[in-house]
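Structure record follows, encoded as structure tokens.
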Amino acid sequence: MSNPIARREWLKQSALAAFGLSFSFKSLGGEDYLPRYWGSEQGLLNLGSNENPYGLSPAAKQAIADMINSAHRYQYNIPSLQNFKKELATFYGVTPDHLLVTPGSGEALNLLARAYSQGDLVTANPTFGILPNTAKKIGVNVKEIALDGAKVHDLGAMMKAIDTKTSHVYICNPANPTGTVLKPAELRQFCQEASKQATVTIDEAYIDFLDAPYNESMVSLINDNKNIVIVRTFSKIHAMAGMRVGFVMAHPDTIKALAANHFNNANFCMSALSMTAAQASLKDLAHSKLSKEKNAAARDFTISELEKLGFRCTPSFTNFIFFNLRNYQGDFAKDMLAKNVLLRSSEQPDGKYCRVSVGTMEEMQSFIKLMKAVKA
Ligand SMILES: Cc1ncc(COP(=O)(O)O)c(C=O)c1O
């Protein structure tokens with residue numbers, strides 16, 4: 001299909017057919033829901049997966065180029081990678097024994113769902129799907145606690161839901177899909193209390209978008225507490241979603257137990273090119289800072305324009321925005337896909353919502369232009 005317009009139309013039609021009506025948060029199962037066929041290169045405005053639109057850091061690109069001639073070797077035979085875990089540990093103020101590196105943090109979430117599946121899982125609703133959906137798939141009873149009226153985790157209600165049958169608690173902070181954040185002191189207290197009963201997993205995928213005082217990681221708790229697990233990713237602020245680098249930080253005994261179900265360290269299951277990119281990206285603080293600043297500017301613009309159009313936005317601390325669709329009739333995500341825009345929409349108990357990722361300023365201007373024509 002050489003004609004680009006015909007090709008685009010074909011892709012759009014296949015996308016719609018594949019997507020059907022299931023593009024909501026409710027019907028997600030494992031990672032099966034993840035879209036697989038789209039991208040801006042296919043003419044779509046891709047605001048669906050909370051990716052970082054600014055691309056890999058120049059240092060990461062250079063590191064990949066420098067390593068390309070060693071990529072025929074296994075990772076453990078490449079000298080510059082032998083320090084990967086050590087450098088990661090130093091950056092996060094832990095030791096290599098506190099780390100389990102995984103091909104993307106989704107893989108870590110799957111592993112954790114299985115590792116702590118002896119009893120019930122307590123989590124929020126809505127929340128990021130991979131861990132709870134994997135748990136459901138393997139027969140775990142999942143207690144889903146509604147967010148509070150401000151779309152923030154209801155820690156009091158979650159604590160009440162924890163009982164002797166609970167083996168695992170999952171909190172995504174900042175929260176996906178709502179973009180809200182918990183006060184660090186309150187989350188710390190919750191972790192300490194809940195971890196007396198169950199393993200508490202805190203998914204900090206979006207923490208790098210936060211400013212003080214919210215940007216406090218719960219990693220400080222792992223030294224003295226074997227029941228607290230932190231999950232991180234290079235997919236967001238480091239713009240490495242396609243390169244698949246994530247990691248778990250926990251007490252060395254906890255890591256050892258988890259590693260028994262995994263390849264233990266970054267020596268075998270990780271791509272050499274991804275690790276070298278991650279290593280370089282960690283040191284390129286200027287690039288992370290630029291991504292964070294540009295994201296904040298595009299996010300503030302989008303929220304302010306959506307609010308002017310009468311859409312109520314949940315305050316966002318992340319690189320995506322959760323807003324109420326008022327009286328929109330129909331399937332918003334599907335309708336927007338027909339206009340070449342990829343985003344998520346869902347039905348919540350208090351109405352229909354959209355989650356749109358924050359792209360570049362230009363992309364968000366295009367998005368707002370389309371939103372002006374939306375009848376809701
Ligand atoms: C909260 C959260 N955790 C984890 C992930 C998975 O990221 P990855 O597997 O790319 O590291 C995502 C992806 O969007 C996410 O939103």
Side-chain angles (χ1 to χ4, degrees), residues 23 25 28 30-36 38-39 46-53 55-56 60 88 92 99-113 121 123-135 147 151-153 168-182 187 200-210 214-215 217-218 229-249 262 266 269-271 274-275 277-278 281-282 291 295 314 316-322 342-344 346 355-359:
F23 206 28
F25 298 115
L28 311 184
E31 320 85 288
D32 302 345
Y33 70 96
L34 291 173
R36 285 173 171 77
W38 306 289
N46 192 337
L47 304 174
S49 306
N50 304 340
E51 295 154 342
N52 179 333
L56 260 66
L88 198 55
Y92 286 101
L99 290 177
L100 179 69
V101 182
T102 54
S105 63
E107 204 54 45
L109 295 169
N110 273 324
L111 174 67
L112 292 163
L121 170 72
T123 191
N125 185 20
T127 190
F128 184 63
I130 288 183
L131 193 152
N133 288 320
T134 300
L147 299 176
K151 304 287 177 211
V152 177
H153 279 88
H168 199 184
V169 180
Y170 170 66
I171 291 190
C172 179
N173 186 61
N176 185 0
T178 51
T180 54
V181 74
L182 286 159
L187 181 56
V200 180
T201 292
I202 307 293
D203 183 344
E204 296 183 340
Y206 299 97
I207 195 166
D208 300 301
F209 292 101
L210 298 179
Y214 292 109
N215 59 353
S217 169
M218 292 298 119
V229 171
I230 311 298
V231 179
R232 291 288 191 102
T233 181
F234 276 82
S235 297
K236 305 302 173 182
I237 201 81
H238 290 286
M240 286 178 46
M243 303 208 65
R244 314 309 299 134
V245 184
F247 58 102
V248 173
M249 294 190 279
H262 204 264
C269 64
M270 302 294 298
S271 144
S274 297
M275 279 193 284
S281 195
L282 261 190
S291 290
N295 173 68
T314 307
S316 168
F317 292 80
T318 59
N319 65 342
F320 51 90
I321 300 162
F322 194 68
L342 182 56
L343 43 68
R344 312 286 178 110
S346 65
R355 190 202 73 183
V356 64
S357 303
V358 177

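Start at 1 and go down the list; that is how both ligands and their atoms are numbered. Note: hydrogens, waters and symmetry copies are ignored here, and every other heavy atom, side chains too, is used.
For the 3.5 Å distance criterion, the side chains of Asn50 and Tyr206 qualify, holding a donor opposite an acceptor. Remark: the His262 side chain and the Thr102 side chain contain no N/O donor-acceptor pair separated by less than 3.5 Å.
Aromatic rings from Tyr214 and Phe317 are positioned such that their centres are separated by under 6.0 Å. With ring centers used as reference points, Phe128 lies 6.0 Å or more from Tyr170.
Cation-pi contact between Arg355 and Phe322: absent, since separation from the ring centre below 6.0 Å together with deviation from the ring axis within 45° is not met.
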Per-pair distances, ligand 1 N/O vs protein N/O, less than 3.5 Å:
residue, atom, partner, partner atom, Å
ligand 1, 3 (N), Asp203, OD1, 3.4
ligand 1, 3 (N), Asp203, OD2, 2.7
ligand 1, 7 (O), Ser105, OG, 3.2
ligand 1, 9 (O), Ser105, N, 3.3
ligand 1, 9 (O), Gly106, N, 2.8
ligand 1, 9 (O), Arg244, NH2, 2.7
ligand 1, 10 (O), Ser235, OG, 2.6
ligand 1, 10 (O), Arg244, NH1, 2.7
ligand 1, 11 (O), Ser105, N, 2.6
ligand 1, 11 (O), Ser105, OG, 2.8
ligand 1, 11 (O), Thr233, OG1, 2.5
ligand 1, 11 (O), Ser235, OG, 3.3
ligand 1, 14 (O), Tyr206, OH, 3.4
ligand 1, 14 (O), Lys236, NZ, 2.8
ligand 1, 16 (O), Asn176, ND2, 2.8
ligand 1, 16 (O), Tyr206, OH, 2.6

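By the 4.5 Å heavy-atom criterion applied to side chains, Ser291 and His238 are not counted as neighbours.
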